[in-house]
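All figures in this text were calculated on a predicted structure; none of them were measured in a lab. Chain naming here is simple, since letters A, B, ... match the order of the sequence lines and numbering starts at 1 in each.
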Amino acid sequence: MTRYTSATEDDRAEMLAAIGVESAAELFAQIPEPLRLGRSLAIPDGLSEAEVFERLAALASRNADAESQVCFVGAGMYDHYVPAIVDAITQRSEFLTPYTPYQPEISQGGLQVMFEFQTAMSELTGLPVSNAGLYEGPSSVASAGYLAIGATKRRRFVVSRGVHPHSRETLATYSQGYGAEIVEVGLEGGLTDAAALAAAVDGETAAVFLQSPNFLGAVEDVEALGAAAKQHGALLIVACDPMTLGVLRPPGECGADIALGEGQPLGNRLDFGGPSFGFFCASEEQIRRMPGRIAGETEDVDGRRGFVLALQTREQHIRREKATNNICTAQALNALGAMVHLAWLGRHGFRELGELLVRRTAYARQRLAAVEGVELLHEAPVAREFAVRLDAPVAAVLEHCAERGIAAGYPLGHEYPEYEDGLLVAVTERRTRAQIDDLADAIGGAIAGHHAHGAFVAGTVEPAATRGSFSTDGVQKAPQAGGVA
Amino acid sequence: MSALTETPMQRERAKTIYEKSKPGRRAAVLPDAGVPERPLEELIPAHLLRSEPPRLPEIAEPEIVRHYNRLSRRNFDLDSGLYPLGSCTMKHNPRLNERVAALPGHARLHPAQDPKRAQGALELMWLLQQSLSEICGLPHVSLQPSAGSHGELAGLLLTRAYHADRGEERTRVLAPDTSHGTNPASVTMAGYEVVKVATDERGGVEMDDLRAKIAEDPDQIACLMLTNPNTLGLFDENIAEIASLIHEAGGTLYYDGANLNAVMGQSRPGDMGFDIVHLNLHKSFSQPHGGGGPGAGPIAVSDRIEPFLPRPQVVRRESDNGGGPSFDLEFDRPQSIGRLRGFQGNFGVFVRSYAYILSLGADGLAEASETAVLNANYLKARLAEGRAGERLPVAFERHCMHEFVLSGKSMKKELGLATLDLAKRLLDYGFHPPTVYFPLLVDEALMVEPTETETKESLDAFADAIEQILIEAESDPEIAKQAPYTTPVRRLDEVRATRRPVVRQPLGD
């Protein structure tokens with residue numbers, strides 16, 4: 001089926017005549033005959049637009065999304081409210097459909113957005129230099145590793161176990177290529193073990209990798225932990241959640257050489273994991289080693305202010321095998337979404353949102369901790385996510401909650417076998433107090449049910465008759481909710 | 001020639017959103033916390049808290065909208081006109097795809113959702129894998145890489161794992177001198193040394209040079225990275241022999257899928273002998289480029305590479321009790337190179353690309369490639385006429401595939417016009433210029449890829465514009481050398497932006 005093409009039979013005939021061939025097949029004669037497919041692909045025939053829509057809508061309807069479930073899952077991506085103007089602006093043809101701004105005279109809009117975005121990320125992280133964006137969070141961590149090797153000529157990374165497991169695994173994958181050894185430092189009470197970290201860092205260490213808040217939600221004392229890196233001339237690389245940077249001390253003020261992370265919480269939807277963007281900020285010293293696009297301010301021949309891709313001599317299309325990285329994309333559209341979201345929140349709204357997250361998270365943590373069979377996995381300070389231990393199989397509790405329309409959190413056991421009973425719970429401005437109360441009730445009910453009826457098999461449905469009473473309208477409070485004003 | 005009168009856009013000096021900020025303005029109204037307003041210091045120790053909020057702009061919603069709408073008008077985009085950027089496949093971006101990607105079941109699906117509650121998403125990924133596998137002629141697909149360059153890195157790490165599994169450690173990766181810059185950059189990141197292979201007089205791999213580079217030390221050849229059709233837009237007729245030379249030496253053959261738009265449903269990389277292929281879903285499969293991302297760079301591989309694919313892998317499981325199949329994420333892959341990124345990949349891009357494949361179907365994909373090749377050859381024929389034919393000859397005179405490369409060498413010598421000048425003058429004519437100065441082996445190169453979604457009329461108009469610029473240059477080359485005139489800004493000082501980079505807005509209190 002012809003779709004999105006315009007060549008009529010007459011057009012084709014005229015074009016073939018101008019080329020001087022009888023048929024389009026002649027143009028494909030340069031492909032040796034045995035390598036020509038000679039049949040149709042085994043792919044179904046094309047469908048009408050309405051049919052494609054229905055097909056995709058049917059697939060979408062088989063997913064439990066954050067509209068049909070109350071989502072307390074985080075682990076790096078969060079169900080924030082994306083304001084309507086983000087969609088309106090990112091769907092404009094002028095932002096949606098251009099290529100990378102290689103011709104700056106006709107790309108001033110996109111380039112200026114990059115410049116504004118870089119300024120915003122630099123403000124958030126407290127570091128002077130930002131790039132225009134990378135693929136996403138964990139691969140940004142791996143790119144920082146590549147930078148650290150170039151900067152220090154050393155090949156050993158010391159990595160906190162509080163760094164997102166996907167980031168640690170991605171760093172390990174990349175390290176097979178550029179050749180680096182990884183030393184992992186464990187957690188104590190939810191926080192990076194400071195003594196173990198200090199002992200692991202030495203004159204061979206290229207970089208120390210921390211995350212704050214870490215994967216268990218705990219806010220790390222980056223400055224104190226980073227002292228070991230400073231002492232041995234290793235780079236201090238800090239992954240952070242941009243949504244917390246209105247309230248938490250920025251990595252740049254804590255001695256970080258590089259601050260980076262997953263940008264999804266800013267203006268990007270969940271999208272089952274992507275596309276989003278990674279941000280990457282650094283000290284002035286690292287500017288010529290940075291990966292990715294960077295927009296810079298300059299002037300045109302008439303003295304007008306303008307923007308261009310700066311420092312292109314770092315990049316693959318100029319430097320080829322000597323490039324600082326192979327990346328081309330800046331996830332420009334996703335970074336635009338972030339910039340619009342940040343402008344919409346504004347200086348004070350951004351801080352207020354951070355405060356709101358901290359307070360609601362504190363409420364949720366206290367509320368859950370008061371539930372029979374739930375205890376805090378750690379007591380360290382948290383900002384927007386926290387970890388608990390459950391006195392019942394986590395999978396069964398999650399299933400119980402899911403049947404009540406709640407995605408209760410992220411099970412820790414898969415990536416942290418030492419926390420087989422651990423659950424990570426995230427809060428956004430979309431999660432109301434009533435929903436938090438429902439979550440506490442549902443988890444409490446699941447654990448009580450587990451103990452009342454013996455160990456039920458993970459993933460099976462508890463018989464309806466034994467469920468007891470649960471809030472369905474989001475207003476019923478559990479008796480143990482006391483202590484909250 | 002002096003500048004023409006200023007356009008309205010030019011009279012408006014660029015002002016950033018920070019310069020429009022004024023204390024006390026705001027857009028967002030947040031919900032009440034609904035929980036006790038405890039002082040933050042009670043919840044988080046003071047020394048871990050930020051003292052001053054970051055200096056984000058203070059601005060009301062109407063002005064945010066105006067600001068970004070105004071900026072959008074300072075961009076040229078595919079929806080405004082021909083964008084024949086070689087190697088970039090600037091084809092139409094169907095709006096249907098945006099609509100289906102925005103369905104809440106896709107857009108608000110958390111990536112850590114339990115697979116049994118994300119069956120629609122996993123099935124979509126599996127179906128896309130099946131389609132891409134068939135298009136590539138290779139049995140296994142990983143959707144994980146985030147872009148073409150990420151796919152390249154994946155392919156090289158797979159190559160390393162494949163050799164390591166055989167107890168070998170090879171050091172050299174071959175790549176033609178016409179290759180994309182990402183190829184050698186990926187090679188270095190993957191810890192290999194790049195070895196350049198020359199191009200022959202027909203634009204293909206120079207076979208003698210290839211044999212010589214292999215013969216230097218066959219046991220060290222890890223891989224050959226190739227684009228086919230190559231960056232000259234030419235199909236390498238010797239591909240079967242190239243494949244057997246590399247395989248005899250024990251190396252893998254990597255296909256840079258940037259140019260797949262020439263061969264969908266016509267010829268398959270797997271049938272050509274390639275072991276690993278990356279695809280750019282933002283090129284051949286219509287994902288909008290977004291001004292520099294997002295995209296996605298899935299890889300398709302042969303059986304011998306499969307054990308090393310990144311994890312997790314989307315798999316289909318047949319039911320053992322007579323029910324329908326189910327879909328899952330498989331983590332237990334002991335030989336896997338591991339993750340390349342967080343979660344499962346750029347799912348939103350997968351939705352758009354799958355919608356595109358559903359829309360076109362088998363014949364539509366083949367027709368798209370055929371029309372892309374027809375359009376490119378037609379435009380090449382048009383540019384072989386008149387002054388363009390004389391001043392901008394095609395670098396390799398044979399039928400091209402989906403793109404072709406012109407050389408501006410004679411234009412520069414005879415008219416004093418560099419390729420850059422022609423490109424900048426095209427901006428005044430309302431066209432995005434072709435890719436310039438690439439591939440490197442062609443002097444003053446212009447690489448033109450019109451794609452299948454352009455009309456004959458737009459191709460004619462582009463050819464006419466080039467002819468006009470050349471006529472104009474015969475009488476006054478300065479016109480093009482000072483161009484552009486009508487754009488929001490004129491030629492910019494790029495050297496300064498690199499020597500003394502200003503990469504953020506200075507902000508006061």
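Residue A:Glu297 touches chain B through both its backbone and its side chain, counting heavy-atom pairs closer than 4.5 Å. For A:Ile85, the part lying under 4.5 angstrom from a heavy atom of chain B is the side chain only. For a residue to count as touching a neighbouring chain, one of its non-hydrogen atoms must lie under 4.5 Å from one of that chain's; by this rule A:Arg360 touches chain B with backbone and side chain alike. B:Ile17 touches chain A through backbone and side chain together, each having a heavy atom under 4.5 Å away. With a 4.5 Å cut-off on non-hydrogen atoms, A:Phe277 does not touch chain B at all. Heavy-atom distances place the side chain of A:Phe350, and not its backbone, under 4.5 Å from chain B. At a 4.5 Å heavy-atom cutoff, A:Ile318 makes no contact with chain B through either its backbone or its side chain. If you measure heavy-atom distances from A:Pro104 to chain B, the contacts under 4.5 Å come from both the backbone and the side chain. Contacts of A:Tyr410 with chain B are made by side-chain atoms alone, with heavy-atom separations under 4.5 Å and no backbone atom involved. In this structure, chain B has a heavy atom under 4.5 Å from the side chain of A:Cys71, while its backbone stays farther away. At a 4.5 Å heavy-atom cutoff, the contact between A:Arg36 and chain B is made by backbone and side-chain atoms alike. Contacts between A:Ile89 and chain B at a heavy-atom distance below 4.5 Å involve the side chain alone, from C-beta outward. Of the two parts of B:Glu61, only the side chain, counted from C-beta on, holds a non-hydrogen atom closer than 4.5 Å to a non-hydrogen atom of chain A. Contact annotation for A:Ile287: only side-chain heavy atoms (C-beta onward) come within less than 4.5 Å of a heavy atom of chain B. For A:Tyr99, the parts lying under 4.5 angstrom from a heavy atom of chain B are both the backbone and the side chain. Contacts between A:Arg55 and chain B at a heavy-atom distance below 4.5 Å involve the side chain alone, from C-beta outward. Using a 4.5 Å cut-off between heavy atoms, B:Leu427 touches chain A through its side chain atoms alone. Residue B:Pro501 touches chain A through its side chain alone, counting heavy-atom pairs closer than 4.5 Å. Looking at B:Leu85, only its side chain comes within 4.5 Å of chain A, counting heavy atoms on both sides. No part of B:Leu156 comes within reach of chain A, as not one of its non-hydrogen atoms sits under 4.5 angstrom from that chain.
The choice from B:Lys91, B:Glu98, B:His92, B:His67 that makes the most heavy-atom pairs within less than 4.5 Å of chain A is B:Glu98. The candidate from B:Val373, B:Thr455, B:Val194 with the greatest count of non-hydrogen atom pairs under 4.5 Å with chain A is B:Val373. No other option in B:Pro111, B:Pro104, B:Pro310, B:Ala161 has as many heavy-atom pairs under 4.5 Å with chain A as B:Pro111.
In summary, the aromatic rings of A:Phe272 and B:Phe343 are positioned with their centroids too far apart to meet the 6.0 Å limit. Ring-centre distance between A:Tyr135 and B:His150: below the 6.0 Å cut-off.
You'll find the side chain of B:Gln505 stays beyond 4.5 Å of the side chain of B:Val502, heavy atoms only.
The two atoms that bring A:Leu35 and B:Asp271 nearest to each other are CD2-O, 3.3 Å, heavy atoms only.
The distance from the CZ atom of A:Phe115 to the CD atom of A:Gln108 is 11.5 Å, given to the nearest 0.5 Å.
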